[in-house]
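By convention in this document, chain letters (A, B, ...) are assigned in the order of the sequence lines, proteins followed by strands, and residues within each chain are numbered from 1. FYI, side chains are in, hydrogens and waters are out, and symmetry mates aren't considered; it's all heavy atoms of this structure.
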Amino acid sequence: MSKLISSVSPHFYGKRTTQTIMLDVIIALLPAAVASVIIFGLRSLLVIAVCIGTCVLSEFLFQKLCKREVTAMDLSAVVTGMLLAFNLPVSIPIWQAVLGSVTAIIVVKQLFGGIGQNFANPAITARIIMMTAFSGSMTTWTMPGNGADAVSSPTPLAAAAKGLKDAMPSYQTLFLGNHGGCLGETCALAIILGGIYLVIRGVITWHTPVVYVATVALMSFICGKDVLYQVLSGGLLLGAVFMATDYATTPNTKWGKVVFGVGCGLITILIRFWGNLPEGVSFSILIMNILTPYISKLTRSKPLVGGAKK
Amino acid sequence: MKLHGIKVPHKKNTAGCKPVRIPVPERVVIPMSMHIGKLAKVTVKKGDELKVGQLIGEADGFVSSNIHASVSGVVEKVDEMVASNGSKVPCVIIKSDGKQEMYEGLKAPDVKDFQSFVQAVKESGVVGLGGAGFPSFVKLGVKDLSKVEAVIINAAECEPYITSDTRTMIDKSDFVFKGIDAVRKFMGVKRFIIGVENNKREAIEVMQKSAEKTDDVEVHVMPSIYPQGGEKVLVYNTVKRIIPKGGLPLDVGVIVTNVTTLAFIAEYLETGVPLVEKCLTVDGSAVKEPKNVIAPIGTPIKDLIEGAGGFKSEPAKVLYGGPMMGIAVPSMDEPVLKNTNAVIFMDEKEATPPKTTPCISCGACVSHCPFRLDPREISRAYKLKDAEALEALCVDLCMECGCCSYICPANRPLVQTNKLGKVMLREYLNEKKARQEKENKEKEKKEAKK
């Protein structure tokens with residue numbers, strides 16, 4: 001008789017793995033990907049593919065070079081690639097997309113210890129770096145239907161900030177996404193669908209997205225702005241559903257998530273209404289990422305110790 | 001407030017299987033430690049002729065238990081064996097004569113009051129049959145009976161596969177209620193709660209029918225969320241009280257006893273036959289015909305498989321108890337113990353743990369822990385050998401239910417680090433105590449000199 005396996009309990013294992021979670025996120029991102037191809041044409045598919053490919057490849061090569069365990073196949077790099085692509089304009093030069101992806105994976109993720117260890121969201125941080133480095137191409141917004149022939153047009157938020165009434169799309173256009181902006185952020189419908197899928201699958205909880213969006217809505221109302229316009233435009237929904245819910249860089253507790261959402265909402269409003277930039281979602285999430293360890297510490301769940309021993 | 005838990009596959013394949021008695025094994029190996037507490041003292045020697053129910057190990061000390069011969073035959077050897085926790089314990093090996101003659105000295109105990117009731121429970125050799133193995137006479141022998149507001153009968157049976165308690169409720173429901181009668185009569189308890197998970201419909205019906213005839217027994221049906229049968233979880237979900245850290249159910253005015261333990265006590269009061277056999281579930285992916293079997297205590301677990309149609313495939317892992325908290329045994333020669341309520345034979349596919357990957361900080365271990373511990377932080381503190389952090393994280397509260405490891409998408413061995421963390425904390429606290437005592441003594445000496 002062969003030797004029996006001896007291991008510590010439990011001897012049953014749940015079916016969910018890192019890979020299945022990442023697969024769920026990819027599935028949730030697919031509607032937005034499809035929408036981006038419909039809205040901006042086939043070049044958006046190219047940008048998404050380049051970002052995914054570069055992310056996976058740079059993770060693989062970095063881990064090989066550093067003689068670390070290769071986890072490039074756990075699909076997390078695919079998620080980062082998709083999210084980064086969703087944060088870029090369709091006309092972005094391919095080499096810039098490649099550089100952005102490498103930055104996201106190697107600088108933001110791997111140098112801090114890889115999956116689960118990075119303190120900032122790779123896609124968001126890479127986007128911010130790219131916005132600083134390539135401010136021209138990162139703010140050239142193509143009107144839908146024009147393909148790669150970049151015809152610059154203001155995003156809905158820029159239009160609103162400058163008071164260009166004619167350039168402000170209708171609610172319906174905002175909801176369906178047929179306007180200028182980043183690849184994956186324009187179609188609110190697709191993002192909401194993805195978000196609902198993630199909540200149903202138990203990958204994320206509703207707290208962060210709902211609190212984040214609600215804070216933005218409330219503050220817009222208080223500031224006398226068009227509430228629905230503020231909620232539907234810019235990267236708010238994409239950020240709230242997919243980036244502010246990243247496991248490693250946001251709090252895990254219920255109240256931590258609420259605090260995180262409120263913080264993101266307030267910073268977004270500050271930047272949108274009083275800042276120099278038309279959009280503040282990326283910065284708000286990055287700033288809250290930095291505060292996450294403190295929020296986690298303050299909202300840590302208390303063990304059930306019960307009353308005093310009699 | 002709701003306690004967290006997880007949904008595990010039930011796999012109660014054997015819920016409908018009435019227990020069958022297995023053929024008398026050729027020999028039994030009975031260790032002197034089948035309970036929490038001090039070892040029993042061997043009272044027989046090589047060559048002694050024994051009958052079923054004869055005392056072979058005597059309770060030695062306060063938390064200990066009597067042990068009886070489970071087969072008739074001759075003592076082949078008084079030996080030492082390695083128990084599943086790694087310690088060496090004396091054991092009595094009896095070669096069976098196959099006759100299973102009962103010991104003439106067995107008679108129903110004469111129980112008149114609380115003292116004699118506890119004495120009878122002690123003599124029966126019964127321990128917590130749900131798995132904990134805590135000597136029942138210690139648990140029931142409370143000093144101040146007025147403290148006991150209710151007795152909670154643990155019939156949750158939340159572990160996958162196991163159905164032996166379910167069978168007790170169906171096949172021995174009269175003994176369950178006779179046990180309640182005895183506790184009511186001799187301990188003066190006025191409230192009984194039978195806590196059972198809602199996946200045992202037949203057993204619930206039987207219990208409810210009998211409970212209707214009384215006015216102090218309630219059947220508390222709970223959702224099937226593991227670990228519903230954990231003592232603290234059960235107490236909270238039935239009477240909404242939290243047992244303090246390091247405390248006992250009695251600290252919140254209740255006693256928790258397993259349903260099979262209670263039924264056995266009632267049976268003993270009637271027949272005087274001590275705990276010599278166990279009804280247990282034999283199941284798992286390597287078993288051809290999952291069954292509930294009745295086996296003499298000390299039966300090598302390899303002899304159980306005959307009763308369940310043999311192996312479908314070669315077992316790669318064999319467990320005492322269920323898959324969530326069970327212990328993987330080193331070999332199939334290990335005996336059936338008093339607190340063994342199941343033996344699970346797993347094939348290679350079921351037994352092989354998935355690969356451990358890096359922690360993704362998802363927080364699922366925290367949000368599924370019934371006691372709201374943070375296994376991720378605990379494992380970090382353990383790796384840093386930070387005992388003070390372990391104390392602050394309340395690692396000693398962990399009951400090792402396995403929810404964290406089960407739910408972890410990275411399959412990290414969180415129960416293992418919790419266990420190691422508990423040991424590290426205990427050693428640290430012991431050292432601290434010793435150091436303090438030493439300091440105090442030196443202080444006293446100095447003061448005495450002055």
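For the residue pair A:Leu4 and B:Val329, the shortest heavy atom distance occurs at CD1-O, 3.7 Å. Scanning all heavy atoms of the two residues, the minimum distance from B:Ser361 to A:Ala248 falls at CB-CA, 3.9 Å.
For the atom pair B:Thr357 OG1 and A:Met73 CE, the distance stands at 14.5 Å (nearest 0.5 Å). The line from CD1 of A:Ile5 to CE of B:Met346 is 10.0 Å long, rounded to the nearest 0.5 Å.
Interface residue B:Pro330: only backbone heavy atoms are found under 4.5 Å from chain A. Neither the backbone nor the side chain of B:Glu348 comes within contact range of chain A, judged by heavy atoms closer than 4.5 Å. Contacts between B:Lys419 and chain A at a heavy-atom distance below 4.5 Å involve the side chain alone, from C-beta outward. Heavy atoms of B:Ile344 lying under 4.5 Å from chain A are absent altogether. Interface remark: B:Lys7 contributes no atoms to any contact with chain A (heavy atom separation under 4.5 Å). Proximity to chain A is limited to the side chain of B:Pro160, based on heavy atoms less than 4.5 angstrom apart. Both the backbone and the side chain of A:Ser6 come within less than 4.5 Å of a heavy atom of chain B. No part of A:Lys254 comes within reach of chain B, as not one of its non-hydrogen atoms sits under 4.5 angstrom from that chain. Residue B:Tyr226 does not touch chain A at all, counting heavy-atom pairs closer than 4.5 Å.
Most heavy-atom pairs under 4.5 Å with chain A: of the set B:Pro354, B:Pro358, B:Cys362, this distinction falls to B:Cys362. With chain A as partner, the option from B:Pro323, B:Ala328, B:Pro353 having the largest number of non-hydrogen pairs under 4.5 angstrom is B:Pro323. Residue with the most contacts toward chain A among B:Gly402, B:Cys403, B:Pro413, B:Pro370: B:Gly402 (heavy-atom pairs, distance under 4.5 Å).
Using a 4.5 Å cut-off between non-hydrogen atoms, the part of residues 7-30 of chain A that approaches chain B consists of A:Ser7, A:Val8, A:Ser9, A:Pro10, A:His11, A:Phe12, A:Tyr13, A:Gly14, A:Arg16, A:Thr17, A:Thr18, A:Ile21. Heavy-atom neighbours of chain A within the stretch residues 404-412 of chain B, taken at a separation under 4.5 angstrom, comprise B:Ser405, B:Tyr406, B:Cys408, B:Pro409, B:Ala410, B:Asn411.
Applying the 6.0 Å contact sphere to NZ of B:Lys240 captures more than 12 heavy atoms from other residues, nucleotides or ligands. Counting heavy atoms of neighbouring residues, nucleotides and ligands inside a 6.0 Å radius, atom OH of A:Tyr294 does not exceed 12 of them.
The shortest distance between side-chain heavy atoms of A:Leu304 and B:Leu3 falls below 4.5 Å.
When the side chain to side chain donor-acceptor pair (under 3.5 Å) test is applied to B:Lys302, the partners found at least two apart in sequence or on another chain are B:Asp333.
Applying the side chain to side chain donor-acceptor pair (under 3.5 Å) rule to pairs touching residues 362-376 of chain B yields A:Asn252-B:Arg376, sequence neighbours excluded.
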